[in-house]
Amino acid sequence: MMGRAKISALALVLAVIAIAVGIIAFINSPQQIARMWANALARRDEKAMKRLVLPKDRERVSRLLSVTNMLPDMSVQLAGVEDQQGQKIARISVKFSKVAIGRLNLNLSGSVNLPFVLARDRFIFWRIDLEKSEPLIREEAREAVIEAIRQNPALQQLLQLLPSR
């Protein structure tokens, strides 16, 4: 009789552990981390963003936020998570209608799907890898600015000053 009680207790403990691991895995899935990242970026919540990046990238968060300050009216939402060349990439859609550079405010509308690379941290946890994301973001942002300028006839002359590919 005592053997059945031990087996039942062991089965209960294993079930609780399995449920806990499942919950942790769900909360830390690429989709959930990407959603939390998009929400933190929308709020410009530096503390939350630093918790979502790899430890090596925590200092990069401040630089990213300083760039987003150039888009005072940006709206942000998760566009999706995709597999790209063996990497998980979170696509964050950013829309804007103003660009502020110092005291200069431009009515420059546009949108961009910024790619953020997701990487595993400590086996089960997913985090944003800003170091790997930065070159991808630069290219996407450059294209978005050029397209926004093309859509604004008054600024098309500025496009001539930018390097072409």
Side-chain angles (χ1 to χ4, degrees), residues 17-101 108-152 155-156 158-165:
I17 290 171
I19 290 170
V21 168
I23 290 170
I24 290 170
F26 173 75
I27 290 171
N28 287 292
S29 70
Q31 189 73 25
Q32 291 299 324
I33 295 301
R35 184 172 284 112
M36 288 188 283
W37 179 255
N39 291 337
L41 183 60
R43 294 187 319 270
R44 293 182 168 101
D45 184 343
E46 185 170 359
K47 188 175 179 181
M49 291 172 72
K50 283 184 175 183
R51 284 192 309 263
L52 294 169
V53 298
L54 291 170
K56 69 179 177 73
D57 290 330
R58 290 197 177 117
E59 297 307 314
R60 285 184 161 89
V61 170
S62 298
R63 286 195 314 233
L64 176 63
L65 287 174
S66 68
V67 172
T68 66
N69 289 334
M70 294 172 61
L71 306 173
D73 68 338
M74 75 174 187
S75 66
V76 178
Q77 72 180 56
L78 177 62
V81 176
E82 58 192 43
D83 288 313
Q84 192 177 68
Q85 298 174 350
Q87 290 184 325
K88 297 272 186 200
I89 306 287
R91 292 274 173 190
I92 308 295
S93 175
V94 176
K95 294 181 182 177
F96 57 92
S97 62
K98 293 181 181 161
V99 175
I101 303 170
L108 194 61
S109 298
S111 65
V112 60
N113 282 329
L114 296 178
F116 289 93
V117 176
L118 290 152
R120 284 201 185 270
D121 182 35
R122 290 182 271 145
F123 180 65
I124 195 170
F125 298 104
W126 286 91
R127 296 290 178 255
I128 303 294
D129 187 330
L130 286 179
E131 182 180 15
K132 288 184 179 178
S133 302
E134 283 177 354
L136 303 173
I137 291 169
R138 269 191 226 103
E139 182 61 27
E140 293 289 331
R142 179 182 173 280
E143 295 296 325
V145 168
I146 290 171
E147 186 57 33
I149 291 169
R150 281 188 184 126
Q151 298 298 319
N152 187 325
L155 295 173
Q156 286 184 7
L158 182 59
L159 182 62
Q160 296 173 358
L161 300 176
L162 297 175
S164 61
R165 283 205 247 183

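Worth saying up front: this structure is predicted, and the values here are computed from it rather than measured.
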From [X] atom [atom1] to [Y] atom [atom2], the distance as rounded to the nearest 0.5 Å:
X	Y	atom1	atom2	result
Ile89	Asn113	CD1	CG	12.5 Å
Leu118	Leu54	CG	CG	9.5 Å
Trp37	Leu130	CH2	CG	4.5 Å
Arg35	Leu52	CZ	CG	13.0 Å
Arg51	Arg58	CZ	CZ	10.0 Å
Lys88	Glu82	NZ	CD	10.5 Å

Would you find more than 12 non-hydrogen atoms of other residues, nucleotides or ligands less than 6.0 Å from Lys95 atom NZ?
-> no
Give a yes or no on whether Lys98 atom NZ has more than 12 heavy-atom contacts from other residues, nucleotides or ligands under 6.0 Å away.
-> no
Taking the side chain as C-beta and beyond, is there a heavy-atom pair between [X] and [Y] under 4.5 Å?
X	Y	answer
Glu143	Val112	no
Leu71	Thr68	no
Ser111	Glu147	no
Arg120	Phe125	no

Can you check side chain to side chain contact (heavy atoms under 4.5 Å, CB included) on Arg127 and Lys56, steps first, answer last?
-> CA-CA 11 Å; Arg127 296 290 178 255; Lys56 69 179 177 73; over 6 Å; no
Quick one: which of Asp129, Leu64, Val61, Asp121 gives a side-chain contact (heavy atoms from CB on, under 4.5 Å) with Val53?
-> Val61
For the pair Val117 and Ile128, evaluate side chain to side chain contact (heavy atoms under 4.5 Å, CB included) and give the outcome as yes or no after the intermediate values.
-> CA-CA 6 Å; Val117 176; Ile128 303 294; over 6 Å; no
Please report the closest heavy-atom contact between [X] and [Y], naming both atoms and the distance.
X	Y	answer
Ile92	Ala38	CD1-CB, 3.7 Å
Leu78	Gln31	CD2-NE2, 3.4 Å
Pro115	Ser133	O-CB, 3.8 Å

Without swapping roles, check the side chain of Arg43 against the backbone of Asn39 for a donor-acceptor pair under 3.5 Å.
-> yes
List in chain and number order the residues that pass side chain to side chain contact (heavy atoms under 4.5 Å, CB included) with Ile19, two or more places apart in sequence or in another chain; answer none if no residue qualifies.
-> Ile23
